[in-house]
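For reference, the structure discussed in these notes is given below.
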Amino acid sequence: MASDRIVFFDTTLRDGEQSPGCSMTTQEKLTMAHALEDLGVDIIEAGFAMASEGDFAAIATITQAIRKPRIASLARAKTEDIVMASRALQFADRARIHVFLASSDLHLEYKLKMSRAEALDQTAECVRLARSLVDDVEFSPEDATRSERDFLVKMVQVAVEAGATTINMPDTVGYSTPEEYGRMFAEVRERIPAIDKQGVILSAHCHDDLGLAVANSLAAIHNGARQVECTINGIGERAGNAALEEIAAALYVRGDRFGVTSGINLSQLYPCSQVLGQIITFRPSPNKAIVGDNAFAHESGIHQHGMLANPLCYEIMTPALVGVAKTHLVLGKHSGRAALRHRLEQLGFTLSRDELQHTYYRFVALADRKKNIYDYDLVGLLPDQIRERRQEPISELA
Ligand code: KIV
Ligand code: ZN
């Protein structure tokens with residue numbers, strides 16, 4: 001029986017780093033690892049020890065500085081990778097080796113030139129080797145979602161028998177759909193009773209090529225997955241990985257649907273996203289859920305009026321919940337009088353009905369010409385007699 005706690009496995013420093021503009025120095029990875037520790041992730045995949053000296057050094061450094069989360073290194077199903085991963089992890093209080101080997105015929109035939117039988121032998125051998133070095137071993141059948149189902153089940157069974165403690169079934173190319181991905185978890189769990197008997201954790205790892213990574217991860221949770229692999233701001237190969245902040249917020253806001261818990265400190269979601277944005281070469285798009293600049297911004301008059309009456313009208317969570325300072329009522333051509341009056345009052349200007357009406361016409365004419373309206377623009381619209389009676393502002397000009 002699956003517990004109700006979701007293990008958050010963050011792979012920002014490994015899968016996330018594997019994308020253009022995201023490579024990080026050891027120092028930058030360490031800064032990010034501290035932010036992830038504050039966020040409360042359970043496992044940090046710090047890199048791929050065999051990939052480069054830099055990755056090895058980053059993993060080793062992180063194991064010595066970070067104490068709360070378990071630290072993982074990726075390894076191909078090869079002796080040298082697994083030994084290298086265990087060396088990089090030698091100072092970790094709690095270490096995990098994450099072994100992967102493709103399970104789809106496409107990858108086996110064209111990429112690895114390996115038969116199915118060879119792949120099963122290698123799985124057993126490598127998982128056993130990893131288990132002889134650390135007590136926590138994750139196995140991933142790469143491209144699980146495009147693998148023939150009976151063979152996938154066989155490979156997972158072999159990995160479980162060899163001692164894997166977590167089985168991660170990645171949607172490596174972001175091909176699956178929520179219903180299909182969820183069903184795969186239900187089926188594998190049903191066909192391999194040892195998973196529940198031995199307390200093996202099933203894990204979701206989704207890429208966003210069809211924009212379904214978060215939906216697929218949530219479907220997996222719905223079907224018994226108890227670990228999710230994700231990255232901050234959803235960075236990762238191609239279109240990215242499932243965004244940690246979206247999964248964590250969805251599990252909390254829609255707790256009625258999922259009924260699970262996690263160790264994520266939601267108020268660190270935005271700060272953590274900001275730390276990453278300062279390290280890599282790009283920030284999340286403005287309309288990115290949870291952490292984008294516009295995630296808590298409202299421009300249209302109808303929405304602003306609703307927000308001022310009761311924020312629940314247009315916000316399903318408070319900005320404070322995820323560590324964002326406040327809601328922004330952005331003034332633009334769709335804004336109404338209520339929002340204009342509200343902002344002017346914050347800036348220290350109280351207007352009569354007629355004055356507001358007059359200012360509002362001038363404001364709309366300006367907003368038709370200008371994409372962003374700043375406080376200075378608003379003050380510029382006011383006649384001298386209003387400016388002269390300015391009171392103590394609640395908010396400074398921005
Ligand atoms: O997407 C993928 O298949 C991976 C594996 C290495 C887990 O990142
Ligand atoms: Zn991946």
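One-based numbering, in listed order, for ligands and for the atoms of each.
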Discussion item. Could you tell me, atom by atom, which parts of ligand 1 come under 4.0 Å of a heavy atom of His207?
Written reply: 1 (O)

Discussion item. I'd like to check whether Asn168 has a polar contact with ligand 1, where a contact means an N/O of the residue lying under 3.5 Å from an N/O of the ligand.
Written reply: no

Fill in: Charged N-O contact under 4.0 Å between Glu109 and Lys113
no

Worksheet entry | Geometric cation-pi criterion Arg14 and Phe48, 6.0 Å radius, 45° cone | no

Discussion item. One thing to verify: whether Arg94 and Asp136 come together as a salt bridge, which I'm taking to mean a side-chain N less than 4.0 angstrom from a carboxylate O.
Written reply: no

Practice prompt. May I ask you to decide whether Arg67 forms a salt bridge with Glu37, counting only side-chain N to carboxylate O separations under 4.0 Å?
Written response: no

Worksheet item: Under 3.5 Å between some N or O of ligand 1 and some N or O of Asp15?
Response: yes

Practice prompt. Please could you name the atoms of ligand 1 that Glu142 approaches to less than 4.0 Å, counting only its heavy atoms?
Written response: 3 (O)

Worksheet item: Which part of Thr172 is near ligand 1, with near meaning a heavy atom under 4.0 Å away: side chain, backbone, both or neither?
Response: both

Discussion item. Which atom name does His207 have for its N/O/S atom nearest to the Zn ion (ligand 2)?
Written reply: NE2

Practice prompt. Check each of Ile279, Asp55, Ile59, Thr61 against Lys29 using the side-chain contact (heavy atoms from CB on, under 4.5 Å) test, and report the only one that passes.
Written response: Asp55

Discussion item. Against ligand 1, does Glu229 come closer than 4.0 Å with any heavy atom?
Written reply: no

Discussion item. If you take the nearest heavy atom of each of His107, Arg238, His205, Arg14, which one is closest to atom 6 (C) of ligand 1?
Written reply: Arg14

Worksheet item: Going by distance alone, is a donor N or O of one side chain under 3.5 Å from an acceptor N or O of the other, for Thr166 and Glu138?
Response: no

Worksheet item: Where's the contact between His98 and ligand 1, heavy-atom distance under 4.0 Å: side chain, backbone, both or neither?
Response: side chain

Worksheet item: Taking both backbone and side chain into account, is any N, O or S atom of Asp15 nearer than 2.8 Å to the Zn ion (ligand 2)?
Response: yes

Worksheet item: Which ligand 1 atoms does Pro170 reach within 4.0 Å, using its non-hydrogen atoms?
Response: 2 (C), 3 (O)

Item to complete: State whether a side-chain donor-acceptor pair under 3.5 Å links Asn287 with Asn294.
Response: no

Worksheet entry | Distance-only donor-acceptor check, side chains Glu45 and His98, under 3.5 Å | yes

Worksheet item: ligand 1 versus Arg76, non-hydrogen atoms closer than 4.0 Å: side chain, backbone, both, neither?
Response: neither

